[in-house]
Amino acid sequence: MVYSEPSNDAAVTKIRCTNDWLILPKGLAFFTALSGVGWNRFGVFYLLDAGLSPADVGFLKTLGFFSKVVAQPLWGIIADSTSLRSALILSFTISAVSLEIVRQGVNHHWPFYIFCFIRMLRGAMNAVSPLVDAIIVEEVRGSTEGYGKQKLYSSAAWGIGAFMMGGVVDRFGLESIFLQTYVLSAVCVVLVYWMSRRQEGKDKGVGGSTVGTRDVGMEDLESGDIHIRKRKGQQDDTFAADETATPEKGNAPPFAKRHKPRSSPIQVLYSVLSMLKLPGLSVVAMQIFSLGFVMVLADSILYLQIEQEWKLSRQFNGLTTTVSVLSALPSYFFSERTLVKRGAIFMFRFAQITTCIRLLLTATLTKSTSFWILPMQLLHGISFSMNWTAATEVFQAASPSSITASAQVIVTQLYFTLGQGLGYLFWSNMYTSYGASPAYCLGSFLLAVNLSATWRLFPERLGSARLYPTV
């Protein structure tokens, strides 16, 4: 990711104005996460109450994830070649409609094969997460804040929402998750529409001048002109180009950032394929996938254990999520500094090591000691935020701004779609057959094997591009 560098007092004023407008991506991150809390955290219990087994629910989730394997790249190409914000509004709308179809199917006792079809349809139409992240990436360009400081609002919303929805579900039942999802999705659509109108104003250019920025392309990566460094006099550590940005005159509002170049679908696809050929990205991709595969144990199987084995309340279930996601806030806030001082390789390794430890600790718990899960959850938020921030920053730094959405789709596919898609299928069946503790031990073992096998495969730099310092 590349940020503008102020070269005079006027440029500093414009960047400060840009930072003021970051309330919009912060709000979008917050309400998007809040809109997904109800279904993503308690939808499993809704389907279980409808008579499905844990293996059935795992199979449905896997179908949904694999439908995204095909559909999400298409969403990325559509967003990059047309309008990112319009694609996101469409995805929000279709996702809400398809969720209502699921509710109608449960209420009318539709056959299981119809549920399978609906789940595939919903998975294919839901591209909210990568598109929201792509918008956040676009908005922070030209500012002194990074991706992590926007993403922490998503974690805060998830933590607060999980605890509150746990109480709501205990009092009003699982049907309440649908109203919460629909109302907050509508709020998100309004925010995206507002951002799209502001983008139109920037593109038209209404007086003032803009801080010059240099777009990142494949030639930069091949020549090694991109690295992380700390700008003099700036508090935040950010990605920056070797070439010093210079102010350019033009007709753009004070908060203007560079205009994203519009590409054809073929050009977008070519840029994506060119990026994927970069040396070192395959090793990074393996780390993202492996953690996503194993993290299903903490994101899903643990909550089934809390509900079915330990017989704890759903509010406690929500509190467990709250602790984990709130622990991610400091990690997100200091993510840019961590990238500069320690590097992305350190962040990937740290995430996997802490996940191994927390899974082994969780395997020792019983119903009488279940309250210890709360302090153990502190490791979960740190692990996820470290991995996700490093993955996003590396892939965005390795891609030109014309494929922002497609680059974020790749990260989402590796972690959620492929990693957790296969993970849901594997771990749900293992939990049904052998229980939770053996699953946690095996997950920790597999992650340790991956970490050991790839420890020396990590390049000190991603190809010839200096994306992070030597660790």
Side-chain angles (χ1 to χ4, degrees), residues 39-69 102 105-106 109-120 122-123 166 169 174 177 289-314 316-318 320-321 324 355-356 358-370 372-373 376-377 380 415-450:
W39 177 255
N40 289 326
R41 179 51 60 223
F42 299 101
V44 170
F45 306 124
Y46 181 80
L47 295 175
L48 291 174
D49 285 358
L52 300 182
S53 68
D56 290 336
V57 174
F59 181 71
L60 287 176
K61 284 183 173 290
T62 301
L63 284 179
F65 280 123
F66 279 111
S67 65
K68 292 179 182 179
V69 171
V102 171
V106 170
H109 306 288
W110 291 351
F112 182 69
Y113 70 88
I114 296 183
F115 273 109
C116 294
F117 174 76
I118 296 173
R119 189 65 188 90
M120 292 179 65
R122 173 170 165 74
V169 167
L174 287 164
I177 64 178
F289 169 82
S290 60
L291 191 66
F293 180 84
V294 173
M295 197 66 86
V296 170
L297 292 166
D299 287 338
S300 180
I301 302 304
L302 172 63
Y303 296 97
L304 289 176
Q305 185 182 24
I306 291 174
E307 173 100 357
Q308 297 184 342
E309 294 183 22
W310 297 344
K311 306 296 182 183
L312 299 176
S313 69
R314 283 168 180 165
F316 182 87
N317 209 318
T320 305
T321 302
S324 67
T355 301
C356 287
R358 69 77 45 92
L359 288 177
L360 290 176
L361 292 174
T362 306
T364 65
L365 296 180
T366 62
K367 184 175 181 180
S368 60
T369 59
S370 58
W372 283 106
I373 192 61
M376 291 179 189
Q377 284 295 91
H380 176 71
Y415 185 88
F416 288 107
T417 310
L418 293 173
Q420 295 209 333
L422 288 170
Y424 274 118
L425 182 62
F426 180 81
W427 297 116
S428 60
N429 281 282
M430 184 169 183
Y431 171 70
T432 302
S433 302
Y434 302 101
S437 292
Y440 296 143
C441 292
L442 179 59
S444 181
F445 173 75
L446 292 177
L447 208 53
V449 169
N450 170 77

Is the shortest side-chain heavy-atom distance between [X] and [Y] below 4.5 Å?
{"X": "Tyr415", "Y": "Met295", "answer": "yes"}
{"X": "Phe289", "Y": "Leu422", "answer": "yes"}
{"X": "Asp56", "Y": "Phe115", "answer": "no"}
{"X": "Leu60", "Y": "Cys116", "answer": "yes"}
{"X": "Gln308", "Y": "Leu48", "answer": "yes"}
{"X": "Phe117", "Y": "Trp110", "answer": "no"}
{"X": "Arg358", "Y": "Leu302", "answer": "yes"}
{"X": "Phe316", "Y": "Ile373", "answer": "yes"}

Could you tell me which non-hydrogen atom of [X] sits nearest to which non-hydrogen atom of [Y], and how far apart they are?
{"X": "Gln377", "Y": "Tyr303", "answer": "NE2-OH, 3.5 Å"}
{"X": "Thr432", "Y": "Ala55", "answer": "OG1-N, 4.0 Å"}
{"X": "His380", "Y": "Ser324", "answer": "CD2-CB, 3.5 Å"}
{"X": "Arg41", "Y": "Asn317", "answer": "CD-OD1, 4.4 Å"}
{"X": "Gln420", "Y": "Gly292", "answer": "CG-O, 3.1 Å"}
{"X": "Ala448", "Y": "Cys356", "answer": "N-SG, 3.7 Å"}

Discussion item. Show, in sequence, the C-alpha distance, side-chain angles and deciding distance for Phe42 and Glu307, and conclude whether the side chain to side chain contact (heavy atoms under 4.5 Å, CB included) test is met.
Written reply: CA-CA 11 Å; Phe42 299 101; Glu307 173 100 357; over 6 Å; no
Tell me if a side-chain donor or acceptor on [X] pairs with a main-chain N or O of [Y] at a distance below 3.5 Å.
{"X": "Ser444", "Y": "Tyr440", "value": "no"}
{"X": "Trp427", "Y": "Phe293", "value": "yes"}
{"X": "Ser300", "Y": "Val296", "value": "no"}

Discussion item. Could you walk me through whether Ile177 and Phe45 satisfy the side chain to side chain contact (heavy atoms under 4.5 Å, CB included) test, starting with their C-alpha distance in whole Å, then the side-chain angles of each, then the deciding distance to 0.1 Å, before giving a yes or no?
Written reply: CA-CA 11 Å; Ile177 64 178; Phe45 306 124; over 6 Å; no
Discussion item. The criterion is salt bridge (charged side-chain N to carboxylate O under 4.0 Å, His left out); which residues satisfy it with Arg122, sequence neighbours excluded?
Written reply: none
Item to complete: If a pair satisfies salt bridge (Lys or Arg N to Asp or Glu O under 4.0 Å) and one of its residues is in residues 45-55, list it, with sequence neighbours excluded.
Response: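 For residues 45-55: Asp49-Arg314.
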Fill in: Residue pair Phe112, Leu52: steps toward the side chain to side chain contact (heavy atoms under 4.5 Å, CB included) verdict
CA-CA 9 Å; Phe112 182 69; Leu52 300 182; 3.8 Å; yes
Discussion item. Would you compute the distance between atom OH of Tyr424 and atom CD1 of Ile301 and round it to the nearest 0.5 angstrom?
Written reply: 8.0 Å
Worksheet item: How many angstroms lie between CG in Leu359 and OG in Ser437, if you round to the nearest 0.5 Å?
Response: 11.0 Å
Worksheet item: Under the side-chain hydrogen bond (donor to acceptor under 3.5 Å, both in side chains) test, which residues partner Ser290, sequence neighbours left out?
Response: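 Only Asn450 meet the side-chain hydrogen bond (donor to acceptor under 3.5 Å, both in side chains) criterion with Ser290.
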Worksheet item: Hey, mind stepping through Thr366 and Thr369 against side-chain hydrogen bond (donor to acceptor under 3.5 Å, both in side chains) and telling me if it holds?
Response: CA-CA 5 Å; Thr366 62; Thr369 59; 3.3 Å; yes
Worksheet item: Hey, mind stepping through Met376 and Leu365 against side chain to side chain contact (heavy atoms under 4.5 Å, CB included) and telling me if it holds?
Response: CA-CA 11 Å; Met376 291 179 189; Leu365 296 180; 3.6 Å; yes
Fill in: Within 6.0 Å of OH in Tyr434, more than 12 heavy atoms from elsewhere
no
